[in-house]
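Notes for the one structure printed next.
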Amino acid sequence: MDLRLRHSVPTDDERAAVDALLGPPESAWDGGERGDVYDAHVAHGGRRSRERRHLLLPALEALQARVGWISETGLEYVCVRLNLPPAEAWSVATFYALLSTTPRPRRVVHVCDDIVCRCKGAAELIEQIEATVGPAHAHGPNGDHVHVDEQTVWMRSPCLGQCDYGPAALVQEAGESPREDVVRELTIDEARAILRGEAPSTRPKLRRSRAMRAEPDWTELMTETQTLRLPQDSNSTSPQPTLKLLRRVGTIDPTDIAAYTTSGGFEALRHALEIGPDAVIREMIDSKLMGRGGAAFPTGRKWEAVAKQSARPHYLICNADESEPGTFKDRVLLDGDPFAMVESMTIAGFATGCERGFLYIRGEYPVGAERVARAIDESRAHGFLGNDILGRGVRFDIEIRRGAGAYICGEETAIFNSIEGYRGEPRNKPPFPAQAGLFGLPTVINNVETLANVPSIVLHGGAAFARVGTEQSTGTKLFCVSGNVEEPGVYEVEFGATLRDLLALAGGVANGRSLQAVLLGGAAGVFVRPDELDMPLTFEGARAAKATLGSGVIVAFDDTVDMKQILLRIASFFRDESCGQCVPCRVGTVRQEEALHRIASGRTLGGVPQEVSLLDEVGVAMKDASICGLGQTAYAAIESAIHRVGVLNGARSRA
Amino acid sequence: MKGIQNGARLYVVDPRRTSSAAWADTWLGLNVGSDVALANTMAREIIHAGLAHNEFIKRGTTNYQAYKEALEPYTLSFGERVTGIPADVIRDAAHAYAKADRAMVCWTLGITEHHNAVDNVLALINLSLLTGHVGRYGCGCNPLRGQNNVQGGGDMGALPNKLPGFQDVTTEAHRTKFERAWGRDIIPKDGWHLTEMIHAMETKELTALYVIGENPAQSDADATHVTHLLENLDHLVVQEIFLTKTAQLADVVFPATATWAEGEGTVTNSERRVQRCRKAVDPPGEARDEIWIMSQFAKRLGYDWGSPTAEDVWNEVRALSPQLMGMTYKRLEELGGLQWPCPDENHPGTKFLHSRLWDDDPSKRGRLAPFSIVHHEGPVEQPDEEYPFLLSTGRRLESYNTGVQSGGYLSPLHRGESLDMSPEDAERLGVGPGDIVRVTSRRGTLEAPVYIDRGLRAGVVFMTLHFPDEVMTNLLTINATDMKSGTAEFKACAVRVEPVRVRTLRSSRRAEPLAAAGDD
């Protein structure tokens, strides 16, 4: 791709898609017609295009949604509109898995083949699709193996966050009214039908389309609400008290602001405005709430650090880029209680001096994005967002940014680059986000579940919150229990419950099989043995057991699962998702996958022990020298599977 | 760029909408050569809007009343008519400049490569005086240098009227100081600048030439003529690091070193910061250090200077130049350079000039800054029926002057010489990218491929001086020069453009204007 524009002409569709986002061109200098006398002597807009740089990713997403891929003419039109060299926009377009820079049919079925869906037969399902429909769509750098005349193609996908309903698929259909459908419990018959061009079946699954946003179909939405029924609700043997974070999920219409307010919604916001920012932060500190995204940093301290910064403006980001394989708790919160996220973000913004917040949601969550967008609009219309919140002169508003298939963008500094319109590559720290985050300014960034705790802390006080759970792990925690259990789902428990308790909540190992291993914390987490189930799932408990809670993932693997294949899938996930910025991770994740391939195929170099010591060595290099958490934890799960669970014990080399 | 990223406002004045202009809050695409008209129109608007800095004008300037009166004809509508820029845009730029806390004017050769170059500069200086944007941090007038050491050349006295440290040849006190130090008399009058030298070659007053690090055979306007003059000198000595076209004409070539890597010395950058450069590698082949070459040259002429080091030479310059006195090699190395004036070894250097004009004590203000009365003249050649296009010449980011140093390596940005023209003109002539056209001025004719530049408007075409071996652009340029500075008008001459080889088959609709153009 060139540094220079070639002045190619975009198609009408491409122009329409970009103009719908950016507005019509203002002059010949940003994509309009030449010939105006004024334009021959004057151009404005250098500053304006710099200020709109952050719209690059949304503009590329608009092209993808309209045309199904990003052509050179479309890309160049975006560059003309935003005053960017094509090479720069190309670097961003090629970064994200859900964006294609080679021709792709309008309809693409992303079939999850990640570790959890594999427990539910995804590998076998994909074999059947390959045998009866054909191979997956390949997108080579030169656009080879592309059959654009086909209407629908399928592709393998990393975890889609539907682990409680695997095997899952995401159907994307580009066009004037693009559709995005999540398909759950996909069967081979249904896969064949979808790939023949039929719409996904009308079973009560989550189905949404962007086009419907203008004219909502309330009946259908109510049907969807029912699908949000939590397994924990129906489990009478539950030892847990009433749900807190999940109390509205599945019980109220998530699209109805009245339902939200009658169930206590926005009371915390009113109270926060009453007591003021300092008091809110004090309650947050007293609550000892730890971040739920994986890093477990005290939230109140984070807020305090940002509130103190003199540089303005401050920004708030809600990190809803939940992409850790096996994680789906944030999806449940966003789908089932979107107004709560609006309220929580508004309180956080008020407390930390932000007037603008971004909710960055992963591209694979069309329902959540849709519902939160509606919740934002409704909240604004009812005075809970905007320039004069509840008549108190407080300003705050929220903008949604959708990811485009990049696990790394869940990293807190990569998310900044992604929102600013750059490749989602993590930044070096320091400076920390509280000093220099989004657009180089002080930024609060919190995970969805972390923010979901805010209203009750504000309403009932930090001390009350801290009384729940243990000394160091306060409050309740959502766990995503999936894999080979009877009732996969999100379970909310007070801190202190053990791994055994959680597995029991989910009905234990399915089909009476025995447990082989449990993965805690996702692909970046740790495998533990079946004899370690009495480990308390608290921050300190996990630390003591040399494990991690990560994002609250608990995946159970029974004795039928081929763990070598699971490890391979984890390794290929990291190889695919490494942003490539730093060498240890870029090279290490490839070496790691190669070694596991050799072990799985029995063609080792010098035997299994030699391969394991190579893996250990590469793992140390990645852990010590990678810029961000992705590389630092890329070996963690594999290391624990080998050394803690012993999945390679007895593995032999054929040679 | 850092300032822009931090939010500074940028106004770019250029006939072409360049890639720099794309960064601007506002691009003012003036007609070629209407710079004085634009500056004067802005000045009149500033005065009439009550935005002039009257306190500074009173305190630090002279000749304001006459200047103000001279500006009267430069109304916004006059400015719009002459520059082509809408009146409200000129007004907005004038107000933004005058109201800014700090504002600076930066320019390069678009201002100085005109027959009225000095007037252009004076018009900009007037603006800075009018608004008090001078003698304060973050303000001023900044001619941006194209090379790392243009300023250093001036510092060392490589000017026809100056001795080292910007001391006038014609001022007796300055001259006698040097005469005493050097033990020789110095001719008490200004030397010739480049244009005068060329004239002197024509009249045979100049018969021998010593050229150091310059390629006049290709870089000067009306190149055929210059080459002819160089060929007819009695003796030509060229000291160079490359065998340039000029060096090829020489009787003697001294192979020299690239001082930035192969020798010791100092350079001075655009902010007057003197910095050390150090020898990192040995020069290739028979190349010799420049100080050594000149010492040996002097020896053959009968003067034994010994074997001075770069530091010896520098210390002599310091001893004779009050502005540089405080800059020992030791200090330059410790502090990473110093900005002159730096009169003694405890002086921290000077961040910006002319703060004296703001001094509360009139006796400390020194000579006040005069407003200069300058008027719009426009380019010497204007397009007419015979030569309907205005050709401006200049540079491109990836190339350097006549290409002696930049032509030898590959860059994806290199695209060779071309005649850049607007899409409208190309359409009218029926030519497309890569088609060959003949470009003719009153002085010469050449052929070049067409490049479509959307940053150009109809009637203006552009070429560079980077590829003289392919296309000798300076065959076309006019040798009109500014008598005050000696700079030539590279930025404006009238040309005719005719298609020669049209590679691509075009529709008949487009072929018609081609035939019509041929009949012109």
Side-chain angles (χ1 to χ4, degrees), chain A residues 1-10 25-54 56 76-91 311-313 416-417 420-422 436 438-441, chain B residues 1 4-31 34 38 79-90 92-93 396-398 411-413 415 422-427 432-433 451-460:
Chain A
M1 191 53 52
D2 208 330
L3 286 167
R4 287 204 177 88
L5 296 169
R6 294 176 193 183
H7 302 290
S8 56
V9 181
E26 288 177 355
S27 74
W29 303 115
D30 73 339
E33 287 287 312
R34 269 179 82 94
D36 193 278
V37 185
Y38 186 88
D39 286 348
H41 288 277
V42 185
H44 303 284
R47 172 180 305 274
R48 188 169 145 75
S49 55
R50 279 194 292 290
E51 285 168 356
R52 300 208 300 176
R53 177 66 166 74
H54 64 100
L56 175 58
E76 180 160 313
Y77 186 62
V78 171
C79 292
V80 170
R81 295 302 318 274
L82 294 176
N83 190 19
L84 285 175
E88 216 171 308
W90 177 260
S91 80
R312 297 278 152 163
F416 301 152
N417 281 340
E420 289 179 26
Y422 296 93
L438 186 64
F439 301 112
L441 289 157
Chain B
M1 291 305 290
I4 292 165
Q5 298 290 12
N6 285 338
R9 280 174 293 166
L10 174 71
Y11 287 72
V12 169
V13 180
D14 196 315
R16 302 184 300 149
R17 186 172 184 267
T18 59
S19 46
S20 306
W23 286 89
D25 291 58
T26 303
W27 164 64
L28 295 88
L30 83 180
N31 289 328
S34 64
L38 177 62
E80 172 170 329
R81 202 164 61 244
V82 175
T83 64
I85 302 164
D88 60 325
V89 179
I90 302 179
D92 164 64
R396 291 194 207 125
L397 171 69
E398 70 283 1
S411 157
L413 295 172
R415 56 179 169 84
S422 67
E424 291 77 15
D425 283 336
E427 163 116 23
Y451 178 84
I452 309 293
D453 181 355
R454 296 166 70 90
L456 286 167
R457 62 178 157 269
V460 181

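By convention in this document, chain letters (A, B, ...) are assigned in the order of the sequence lines, proteins followed by strands, and residues within each chain are numbered from 1. Only heavy atoms go into these numbers, but all of them, side chains included; no hydrogens, no water, no symmetry mates.
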Checklist entry - Any donor and acceptor pair, going by atom type alone, linking the side chain of A:Arg47 with main-chain N or O of B:Thr26 inside 3.5 Å? => result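 No; zero donor-acceptor contacts below 3.5 Å.
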Next on the checklist: Determine whether a donor-acceptor pair (N or O, by modelled atom type, separation under 3.5 Å) exists between the side chain of A:Arg34 and the backbone of B:Arg454.
Outcome noted: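 Yes, because the side chain of A:Arg34 sits within donor-acceptor range (under 3.5 Å) of the backbone of B:Arg454.
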Could you look at [X] and say if it's the side chain, the backbone, both or neither that has a heavy atom under 4.5 Å from chain A?
{"X": "B:Ala8", "result": "backbone"}
{"X": "B:Ser19", "result": "neither"}
{"X": "B:Ala22", "result": "both"}

Next on the checklist: Is there a side-chain contact between A:His41 and B:Asn31 in this structure, where contact means two heavy atoms from C-beta onward sitting under 4.5 Å apart?
Outcome noted: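 A:His41 reaches B:Asn31 side chain to side chain.
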Checklist entry - Is there a side-chain contact between A:Arg50 and B:Ile4 (heavy atoms, below 4.5 Å)? => result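 Contact flag for A:Arg50/B:Ile4 side chains = yes.
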Next on the checklist: Which one wins on heavy-atom pair count under 4.5 Å against chain A: B:Ala21, B:Pro423, B:Pro15?
Outcome noted: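 Heavy-atom pair counts peak at B:Pro423.
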Checklist entry - Looking at B:Ala458, B:Gly455, B:Gly29, which makes the most heavy-atom pairs under 4.5 Å with chain A? => result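 Counting heavy-atom pairs under 4.5 Å, the top option is B:Gly29.
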Looking at every heavy atom in both [X] and [Y], which two are closest together, and how far apart are they?
{"X": "B:Trp27", "Y": "A:Asp39", "value": "CZ3-O, 3.5 Å"}
{"X": "B:Arg457", "Y": "A:Ala40", "value": "NH1-O, 2.8 Å"}
{"X": "A:Val42", "Y": "B:Pro86", "value": "CG2-CD, 3.4 Å"}

Checklist entry - Hey, is CD on A:Glu33 packed in by over 12 heavy atoms from elsewhere, all under 6.0 Å? => result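 Count not over threshold, so no.
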